[in-house]
There are 2 protein chains.
Amino acid sequence: MNQIKESPFDDMLCFDVYAVNLAFGRIYKPLLDPLGLTYSQYLVLMSLWTQDDQTVGQIGGSLGLDSSTLTPLIKRIEAAGLVVRNRDPLDERRVIVSLTDQGRALQAHSSHIRSCVVSGLGMSLEELQQLQAMIRKLRKSIVAQDRD
Amino acid sequence: MNQIKESPFDDMLCFDVYAVNLAFGRIYKPLLDPLGLTYSQYLVLMSLWTQDDQTVGQIGGSLGLDSSTLTPLIKRIEAAGLVVRNRDPLDERRVIVSLTDQGRALQAHSSHIRSCVVSGLGMSLEELQQLQAMIRKLRKSIVAQDRD
DNA sequence: AGCCATTATATGTCGCGCAATAAATTATCG
DNA sequence: CGATAATTTATTGCGCGACATATAATGGCT
């Protein structure tokens, strides 16, 4: 009499990752909606806050995304007035994405968002840090395998 | 002189989850493409393999997905001949999703897929199990917070 | 000049969430 | 009991995101 049958996904790590990722999206949505941002757009802005004037490819590198994914996304935050896109004069293939004052100003909200998210998880910081270390290790391991 | 600057996402658990989830998708894609399935479609089939004849809402409950997400998805695997959809005669609001022989037959591939995925991760089973236990705990914790 | 690699863009498919709608069932009240 | 209201369930439409593929433009190299 040990256990209720849980689900077909009991031993599927990928499913738990999938479900947690969706859950994160649901946590972020009400926090980002007032700013008119989606989660992915927010990630791009975070990247630019720490390093302005990046090319599309550089942003995609740190996010693990294709330029075909980023192009329309960046155009949307450009339309919102948060960034501008300019061809690199030294290499006209590249497009440099730069923050506007309005885009920079949004950074002020980030620490508040961050604390709201953490409190929405319901776990201690120690546990979260430990978990993150393991996930990060997995991520690097997958990337490493991918190159074989 | 400790560390190269990694990324703006060093302390963002959500980002690592996001990135690992994308990485999982890239692992599954070449395995599922020959079967003509996407990852989400595969999850629905897994659910049906362990419990046939579920309603759309039941499937959505175990996957954490909206019925509006599932309806078109299930229609696609119906078009592929893997499932059939029938109204529940006892409650005509419900749609019962049932496997066809062809859908059941696909289960034969699942163990192979599973082992391919695990070997694509490059980590020991012990570590993976420990990691999964923590992620699952987080998932349940988020869901619990969500109800407050 | 010609070839090849790199970079970004355009297009089409699928997945995801939300809002609004429709249909069926259940609850409530006269 | 019967009419009406509220709830449940699935569907539809829309916007965004992620990926693959194809295309265009630029730069580097011989």
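Lettering follows sequence order; numbering is per chain, from 1.
The nearest heavy atom of DNA chain C to K29(A) and to D66(A) marks one nucleotide each, and the one closer to the 5' end goes with D66(A). Place D91(A) and L73(A) on DNA chain D by their nearest nucleotides, and L73(A) ends up nearer the 5' end. Residue whose closest nucleotide on DNA chain D sits further toward the 5' end, between R87(B) and P72(A): R87(B).
The CG atom of L70(B) sits 15 Å away from the C1' atom of dC18(C) (whole-angstrom rounding). Between Q54(A) atom CD and dA8(C) atom C1' the separation is 16 Å, expressed in whole Å. Across the protein-nucleic acid pair, E92(A) atom CD and dT9(C) atom C1' stand 15 Å apart, rounded to whole Å. Between the CD1 atom of I74(B) and the C1' atom of dC16(C) there is a distance of 14 Å, given to the nearest Å. Atom CG in D88(A) sits about 13 Å away from atom C1' in dT6(C), given to the nearest Å. The nearest whole Å value for the distance from the CG atom in L37(B) to the P atom in dT13(C) is 18 Å. In this structure, the CZ atom of F24(A) is 15 Å from the P atom of dG17(C), given to the nearest Å. Taking atom OH on Y42(A) and atom C1' on dG17(D), their separation rounds to 18 Å, with Å as the unit.
Hydrophobic clustering of Ile, Leu, Val, Met, Phe, Trp and Tyr side chains at less than 4.5 Å, counting indirect connections, keeps V95(B) apart from L90(B). Hydrophobic cluster membership differs between L70(B) and I96(B), with clusters built from Ile, Leu, Val, Met, Phe, Trp and Tyr side chains linked at under 4.5 angstrom.
Taking the side chain of L22(A) as heavy atoms from C-beta on, and the options dA10(D), dC16(C), dT25(C), the nearest nucleotide is dC16(C). Closest approach to the S67(A) side chain among dT7(D), dG17(C), dA8(C) is made by dA8(C) (side chain taken as heavy atoms from C-beta onward). The side chain of Q41(A) lies closest to dC16(D) when the candidates are dC16(D), dC19(D), dT25(C). In this structure, of dA18(D), dG17(C), dT11(D), it is dT11(D) that holds the atom nearest to the side chain of R85(B).
In summary, the side chains of S98(B) and D53(B) do present a donor paired with an acceptor at a separation below 3.5 Å, with no hydrogens or angles considered.
Between K75(A) and dG17(D), a side-chain N or O to OP1/OP2 separation shorter than 4.0 Å is absent. The shortest distance between the side-chain N/O atoms of Y39(A) and the OP1/OP2 oxygens of dC16(C) is not below 4.0 Å. Between dC16(C) and S40(B), a contact under 4.0 Å exists linking OP1 or OP2 to a side-chain N or O. For the OP1/OP2 pair of dA10(C) and a distance below 4.0 Å, the side-chain nitrogens and oxygens of T71(A) include no atom meeting the criterion. Side-chain nitrogen and oxygen atoms of Q58(A) include none within less than 4.0 Å of the OP1 or OP2 phosphate oxygen of dT7(C). Contact annotation: R94(A) side-chain N/O to dT6(C) OP1/OP2 distance is not under 4.0 Å. Within the structure, every side-chain polar atom (N or O) of S68(A) is placed at least 4.0 Å from both OP1 and OP2 of dT9(C).
With R139(B) contributing its side chain and V20(A) its backbone, the two residues share no donor-acceptor pair below 3.5 Å.
Rounded to the nearest 0.5 angstrom, N21(B) CG and N21(A) CG are separated by 4.5 Å.
The salt bridge (charged side-chain N to carboxylate O under 4.0 Å, His left out) search around E127(B) returns K137(A), not counting sequence neighbours. Among residues two or more places apart in sequence or in another chain, the side-chain contact (heavy atoms from CB on, under 4.5 Å) test is passed with S119(A) by none.
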For this session: Starting from the C-alpha separation in whole Å, work towards a yes-or-no answer on ring pair (Phe, Tyr, Trp, His ring centres under 6.0 Å) for F24(B) and Y39(B).
Result: CA-CA 9 Å; F24(B) 265 119; Y39(B) 178 62; 7.8 Å; no

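When heavy atoms are screened at a 4.0 angstrom cut-off, T38(A) is found touching the sugar-phosphate backbone but no base atom.
Overall, the helix from dA1(C)-dT30(D) to dG30(C)-dC1(D) carries an axis bend of 10° between its ends, with five pairs at each end and the value rounded to 10°.
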